[in-house]
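In what follows, a structure is listed as structure tokens, so that the remarks can point back to it.
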Amino acid sequence: MTAKFVAEVIDSTAVFKETIFDGKVLFCTGGGSGICKRMTEAVMRHGANSVIVGRNLDRLTTSAEELSNATGRTCIPAKADVREPNQLRDAVSKAITKFGRIDFVICGAAGNFLSPISGLSENGFKTVMQIDTMGTFNTIKATVPHLRVTKGAYIHVSATLHYRATPFQAHVSAAKAAVDALSAVLAIEEGPYGIRSNVIAPGPIGGTEGYDRLSASDPHEPEGYVQKVYNRTMPLGRVGHVQDIANAAVFLFSDAANFITGQVLPVDGGNEHLREPFLPYPDCILDSEKAKSLIKPRL
Ligand code: HXC
């Protein structure tokens, strides 16, 4: 049998010049960790300075130092909860005071936990809607006047799990569907001002908290249930890497994408076409102890 193909993880600097974002400024919510931190690093490697926004100032400060050291550009932290419009406006003021402009915005701050509707309180549902959907709206409101000046671009970090029903993800599915819709309207309302708006929809990305929480070992399946599922449902031979998402962000912000707006770009190695539930169905619904044994508690 022919060996299975495994897509290489490459760095965007192997494809795009390191100067394409010289003089540009990125404003990234959720940039203190995970996928958004790597997206920020990639955009900085092509010349941009950045502001990363989040709730935990200690983590942001450490990440900003790491990003500055790794790229030779300047990253500053700005503490804000995206549910609070005033805090976001202050973060934007900090960006303008420091850099004088904002060219790119990543709306990436998000909240997630696994819960069936039957176990989800009204406040639990509302919390994720407020972080993901309202947080995106609030970020757009605070930044759009500045992007009109620079004719800038937005990337919203969404998901693929709402394309078909995903158990335990009602709150996130509703929130991300709304983010996709917001981005499309933003694209048509602000296109005439020169602003573009697109969505990146990551599939399963290894090394993220969400992925790691689903990777608890089942004594009967030492490899872990979720790894077994992904072994047979990833056409390009592996789960995603944060760099795959970062590469897509560099492309979408670049002039090579200057006629692309109002789109949703799944970056999932083709997984959506084969996607199976990441927990055994319907066992995970009917046997909550079995489901719990497959999910690691909050990290
Ligand atoms: C049911 C839950 C819950 C859970 C919180 N809630 N966790 N309900 N199951 N596991 C409910 C609470 O009971 C509360 O409702 C309401 O949500 C608000 O919770 P708080 O803790 O007060 O909110 P807050 O401090 O603002 O935290 C927001 C958060 C939290 C989204 C709940 O998880 C967070 O800050 N996350 C950020 C980091 C993150 O989510 N990373 C992504 C990990 S991905 P009541 O009614 O009690 O007041 C992941 C799995 C991904 O974990 C799977 C992907 C497919």
Side-chain angles (χ1 to χ4, degrees), residues 28-39 52-60 63 79-84 87-88 106-136 138 157-179 200-216 224-227 229-230 233-234 239-240 242 245 266-269 271-272 275-281 284-285 288-289 291-299:
C28 179
T29 68
S33 64
I35 289 174
C36 296
K37 182 178 175 187
R38 190 58 163 251
M39 292 166 90
I52 52 173
V53 180
R55 284 183 286 171
N56 181 334
L57 187 58
D58 287 343
R59 184 163 72 177
L60 283 177
S63 293
K79 180 173 159 40
D81 185 326
V82 293
R83 293 170 282 193
E84 300 295 336
Q87 293 182 19
L88 268 175
I106 295 174
C107 295
N112 197 351
F113 50 81
L114 294 159
S115 174
I117 293 171
S118 57
L120 184 59
S121 70
E122 288 81 356
N123 191 40
F125 185 87
K126 187 169 81 177
T127 297
V128 171
M129 292 297 289
Q130 283 181 329
I131 297 171
D132 292 22
T133 305
M134 285 304 300
T136 297
N138 294 337
V157 182
S158 182
T160 56
L161 45 81
H162 53 293
Y163 301 165
R164 288 179 288 148
T166 302
F168 304 147
Q169 291 283 273
H171 43 326
V172 183
S173 299
K176 295 300 193 184
V179 167
I200 291 177
I205 305 297
T208 55
E209 183 182 341
Y211 187 86
D212 289 346
R213 290 194 63 210
L214 291 171
S215 304
Y225 184 84
V226 76
Q227 281 90 348
V229 169
Y230 290 136
T233 58
M234 299 303 303
V239 295
V242 284
I245 308 302
V267 181
D268 70 342
N271 168 253
E272 184 56 27
R275 180 156 66 92
E276 297 174 16
F278 49 66
L279 295 173
Y281 184 87
C284 65
I285 306 291
S288 59
E289 289 310 310
K292 279 183 197 153
S293 77
L294 294 168
I295 304 168
K296 280 187 203 150
R298 178 120 252 136
L299 303 174

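Hydrogens, waters and symmetry mates are skipped; everything else that's a heavy atom, side chains included, is used. Read the numbers this way: they start at 1 and go in the same order the structure lists the ligands and their atoms. Just so it is clear, the model here is predicted, and its values are computed rather than measured.
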Open item on the list: Please evaluate residues Leu214 and Leu114 with respect to the criterion side-chain contact (heavy atoms from CB on, under 4.5 Å), reporting the C-alpha separation (whole Å), side-chain torsions for both, the decisive distance (0.1 Å), and the verdict.
Closed with: CA-CA 10 Å; Leu214 291 171; Leu114 294 159; 3.7 Å; yes
TODO: Show your reasoning for whether side-chain contact (heavy atoms from CB on, under 4.5 Å) applies to Phe113 and Leu120.
DONE: CA-CA 10 Å; Phe113 50 81; Leu120 184 59; 3.5 Å; yes
- [ ] Report the C-alpha distance between Arg275 and Thr233 in whole Å, list the side-chain angles of each, state the deciding distance to 0.1 Å, and finish with yes or no for side-chain contact (heavy atoms from CB on, under 4.5 Å).
- [x] CA-CA 6 Å; Arg275 180 156 66 92; Thr233 58; over 6 Å; no
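For atom 45 (P) of ligand 1, the nearest protein heavy atom is under 4.0 Å away. Checking atom 13 (O) of ligand 1 against the protein gives no heavy-atom contact under 4.0 Å. For atom 34 (C) of ligand 1, the nearest protein heavy atom is under 4.0 Å away. For atom 21 (O) of ligand 1, the nearest protein heavy atom is 4.0 Å or more away.
With Lys176 contributing its side chain and Val157 its backbone, the two residues share a donor-acceptor pair below 3.5 Å. Side-chain atoms of Gln130 do not come within 3.5 Å of backbone N or O of Arg83 as any donor-acceptor pair. A distance-only check finds no donor-acceptor pair linking the side chain of Asp81 to the backbone of Arg55 [under 3.5 Å]. Using a distance-only test at 3.5 Å, with no hydrogens or angles considered, no donor-acceptor pair links the side chain of Thr160 to the main chain of Glu272. A donor-acceptor contact shorter than 3.5 Å is absent between the side chain of Thr136 and the backbone of Cys107. Under the 3.5 Å distance criterion, the side-chain polar atoms of Gln169 are left unmatched by any main-chain donor or acceptor of Ala174. A donor-acceptor contact shorter than 3.5 Å is absent between the side chain of His171 and the backbone of Thr127.
Of the protein's non-hydrogen atoms, the one nearest atom 38 (C) of ligand 1 is Arg298 NH2, 3.9 Å. With hydrogens left out, the protein atom closest to atom 52 (O) of ligand 1 is Arg213 NH1, 2.8 Å, a heavy atom. Ranking protein heavy atoms by distance to atom 47 (O) of ligand 1, first place goes to Ser121 OG, 4.3 Å. Of the protein's non-hydrogen atoms, the one nearest atom 5 (C) of ligand 1 is Phe113 CE2, 3.7 Å. With respect to atom 54 (C) of ligand 1, the closest heavy atom belonging to the protein is Asn112 ND2, 3.6 Å. Of the protein's non-hydrogen atoms, Gly124 CA, 3.2 Å is the one closest to atom 17 (O) of ligand 1. Nearest to atom 48 (O) of ligand 1 among the protein's heavy atoms is Asn123 ND2, 2.9 Å. Nearest protein neighbour of atom 24 (P) of ligand 1, counting heavy atoms only, is Arg55 NH1, 4.1 Å.
Using the six-membered ring where Trp is involved, Tyr230 and Tyr211 have ring planes that are parallel, under 30° apart on the 30 and 60° scheme.
Listed by number with element, the atoms of ligand 1 under 4.0 angstrom from any heavy atom of Arg83 are 26 (O). Here is the list of ligand 1 atoms found below 4.0 Å of a heavy atom in Gln169: 54 (C), 55 (C). Shown in contact with Gly210 at under 4.0 Å from a heavy atom are these atoms of ligand 1, numbered in order with element: 44 (S), 49 (C), 50 (C), 51 (C). Short contacts between ligand 1 and Phe278, defined as distances under 4.0 Å to a heavy atom of the residue, involve ligand atoms 55 (C).
Lys126 does not count as a contact of ligand 1, since none of its heavy atoms falls under 4.0 Å from the ligand. Contact annotation: Tyr211 has no heavy atom less than 4.0 Å from any atom of ligand 1.
With Gly119, Pro297, Ala110 as candidates, the residue nearest to atom 37 (C) of ligand 1 on a non-hydrogen basis is Ala110.
Shown here for Asp132 and Ala175, the closest heavy-atom pair between the two residues is CB-CB, 3.7 Å. Taking both residues in full, the closest heavy atoms of Ala178 and Thr133 are given as CB-CG2, 3.6 Å, listed atom of the first, atom of the second, then distance.
If you look at Thr127 next to ligand 1, the close heavy atoms, those under 4.0 Å, all belong to the side chain. For Lys296, no heavy-atom contact with ligand 1 is shorter than 4.0 Å. With a 4.0 Å cut-off on non-hydrogen atoms, Glu122 does not touch ligand 1 at all.
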